Engineer: 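One structure coming up, written as structure tokens, with questions to follow.
Just so you know, these numbers come straight off a predicted model, no measurement behind them.
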Number of protein chains: 2
Amino acid sequence: MAKYSAVLDDVFVALADPTRRGVVRRLGEGPATVGELARAYPMALPSFMKHVRTLESAGLIRTAKTGRVRTCVLDRERLAVVEDWLAEQRHVWEQRTDRLEQFIGEEDS
Amino acid sequence: MAKYSAVLDDVFVALADPTRRGVVRRLGEGPATVGELARAYPMALPSFMKHVRTLESAGLIRTAKTGRVRTCVLDRERLAVVEDWLAEQRHVWEQRTDRLEQFIGEEDS
DNA sequence: TCAATACTTAGCCTCGTGGCTAAGTATTCG
DNA sequence: CGAATACTTAGCCACGAGGCTAAGTATTGA
């Protein structure tokens with residue numbers, strides 16, 4: 001466990017930008033083309049495409065080109081690594097609480 | 001909602017580094033001093049301190065100096081913003097699924 | 001008091017990220 | 001065919017992140 005550091009890096013980095021979180025959110029509603037997605041942001045297309053590529057290489061989205069249009073889809077599986085990390089974090093915390101309780105128990109006896 | 005963009009930025013950026021995730025994980029087990037934390041990483045202390053400051057200004061940890069020692073504590077509240085973002089994301093997805101089901105239902109009738 | 005400890009400050013360096021423009025390619029529509 | 005559309009490629013730029021060393025400050029133990 002915790003061996004997915006590289007994946008976690010990529011996913012957290014990808015989510016650490018409001019534009020990219022916006023895209024993830026939008027794609028949660030369903031697939032969209034690069035053009036449709038880009039329209040929501042005040043930046044040049046090449047700049048926007050970098051965000052798309054970042055999301056794609058983080059595995060958060062998949063894209064495919066049909067004709068001259070590239071369509072993007074959310075890959076919800078990948079978001080699970082964040083959930084997993086949070087779960088692990090909770091687990092660490094709970095073990096700590098257990099130790100504290102045990103400590104108090106020992107004090108009692 | 002989704003107005004916490006700046007906070008989310010800071011939190012995701014803070015978590016997008018293995019050193020900092022390591023610190024968060026370690027602090028999940030309980031408070032520690034900067035020196036204790038730094039020992040686990042092969043970098044100079046000033047470099048490590050930057051990570052601590054990043055975590056602190058993201059609100060993920062709190063630190064306080066007593067004598068010459070600075071002690072760090074995890075602020076679990078702040079991790080909740082990540083959970084919240086994930087929950088919102090799930091919500092978006094579920095609404096989408098609902099719409100699809102409704103669409104199929106309409107087709108049926 | 002003096003040395004060791006535990007940061008802290010200052011300053012420098014390199015690389016990657018996020019933005020841009022300009023020009024190119026490949027489809028599609030009239 | 002020719003023009004419009006939808007990216008794509010190339011290349012540039014500025015800034016910030018993450019690393020370093022060297023030197024400074026403030027506590028603490030002997």
Engineer: Students often mix this up, so state it plainly: with edges at 30° and 60°, are the rings of A:Y41 and A:F48 parallel, tilted or perpendicular?
Structural biologist: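 It falls in the parallel class, under 30°.
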Engineer: Check this one for me: any side-chain N or O of B:H51 less than 4.0 Å away from OP1 or OP2 of D:dA17?
Structural biologist: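 Answer is no, no contact under 4.0 Å.
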Engineer: Quick one: is B:S47 getting a side-chain N or O under 4.0 Å of the D:dC20 phosphate, OP1 or OP2?
Structural biologist: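 Yes, because at least one side-chain N or O of B:S47 sits under 4.0 Å from OP1 or OP2 of D:dC20.
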Engineer: Answer yes if A:L86 and B:V81 sit in the same cluster of Ile, Leu, Val, Met, Phe, Trp and Tyr residues linked by side chain heavy atoms under 4.5 Å apart, and no otherwise.
Structural biologist: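 A:L86 and B:V81: one cluster.
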Engineer: Show the numbers, then the answer: is there a salt bridge (Lys or Arg N to Asp or Glu O under 4.0 Å) between B:R90 and A:E83?
Structural biologist: CA-CA 11 Å; B:R90 264 193 302 273; A:E83 313 238 27; 2.8 Å; yes
Engineer: Out of curiosity, B:T63 OG1 to B:L55 CG, how far, rounded to the nearest 0.5 Å?
Structural biologist: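 Result: 10.5 Å between the selected atoms.
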Engineer: Where is the tightest heavy-atom contact between A:V92 and B:G28, given as atom of each residue plus distance?
Structural biologist: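 A:V92 and B:G28 have their closest heavy atoms at CG1-C, 3.7 Å.
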Engineer: Return the value, rounded to whole Å, for the distance between atom CG of A:D17 and atom C1' of D:dG16.
Structural biologist: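 Rounded to the whole Å, the gap is 14 Å.
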Engineer: Going only through I, L, V, M, F, W and Y residues with side-chain contacts under 4.5 Å, is there a path from B:V73 to B:L60?
Structural biologist: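 Result: no, two separate clusters.
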Engineer: A:D9 CG to D:dG18 P: how many Å, rounded?
Structural biologist: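 The answer, rounded to whole Å, is 10 Å.
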Engineer: How close do A:R26 and A:A32 get, counting heavy atoms only, and between which atoms?
Structural biologist: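 Looking at all heavy atoms of both residues, the closest pair is NH2-CB, 3.5 Å.
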Engineer: Take the protein atom CE of B:M49 and the nucleotide atom P of D:dC20, then report the distance between them rounded to whole Å.
Structural biologist: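 That distance rounds to 15 Å.
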Engineer: For a 4.0 angstrom threshold against heavy atoms of chain A, report the outermost contacting nucleotides of DNA chain C in 5' to 3' order.
Structural biologist: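 Under 4.0 Å from chain A, the extent on DNA chain C is C:dG18 to C:dT28.
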Engineer: Without swapping roles, check the side chain of A:R20 against the backbone of A:A14 for a donor-acceptor pair under 3.5 Å.
Structural biologist: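 Side chain of A:R20 to backbone of A:A14: a pair is present.
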Engineer: Under a 4.0 Å heavy-atom cut-off, which of residues 26-37 of chain B touch DNA chain D?
Structural biologist: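 Here the set is empty: none.
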Engineer: Out of B:T54, B:D75, B:L27, which residue meets the side-chain contact (heavy atoms from CB on, under 4.5 Å) rule with B:I61?
Structural biologist: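 So, applying the side-chain contact (heavy atoms from CB on, under 4.5 Å) to B:I61 and each of B:T54, B:D75, B:L27, only B:L27 qualifies.
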Engineer: What are the two closest heavy atoms between A:R96 and B:E29, and how far apart are they?
Structural biologist: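 Scanning both residues, the minimum pair turns out to be CG-O, 3.2 Å.
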Engineer: Heavy-atom contacts under 4.0 Å between residues 52-73 of chain A and DNA chain C, which residues?
Structural biologist: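 Residues of residues 52-73 of chain A that come under 4.0 Å of DNA chain C are, in numerical order, A:G67, A:R68.
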Engineer: Pick the closest DNA chain D nucleotide for B:P42 and for A:L45 by heavy atoms, then say which residue is nearer the 5' end.
Structural biologist: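 By nearest-heavy-atom nucleotide position, the 5'-most residue is A:L45.
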Engineer: I need the A:W93 CH2 to B:L74 CG distance, nearest 0.5 Å.
Structural biologist: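 One finds 7.0 Å between CH2 of A:W93 and CG of B:L74.
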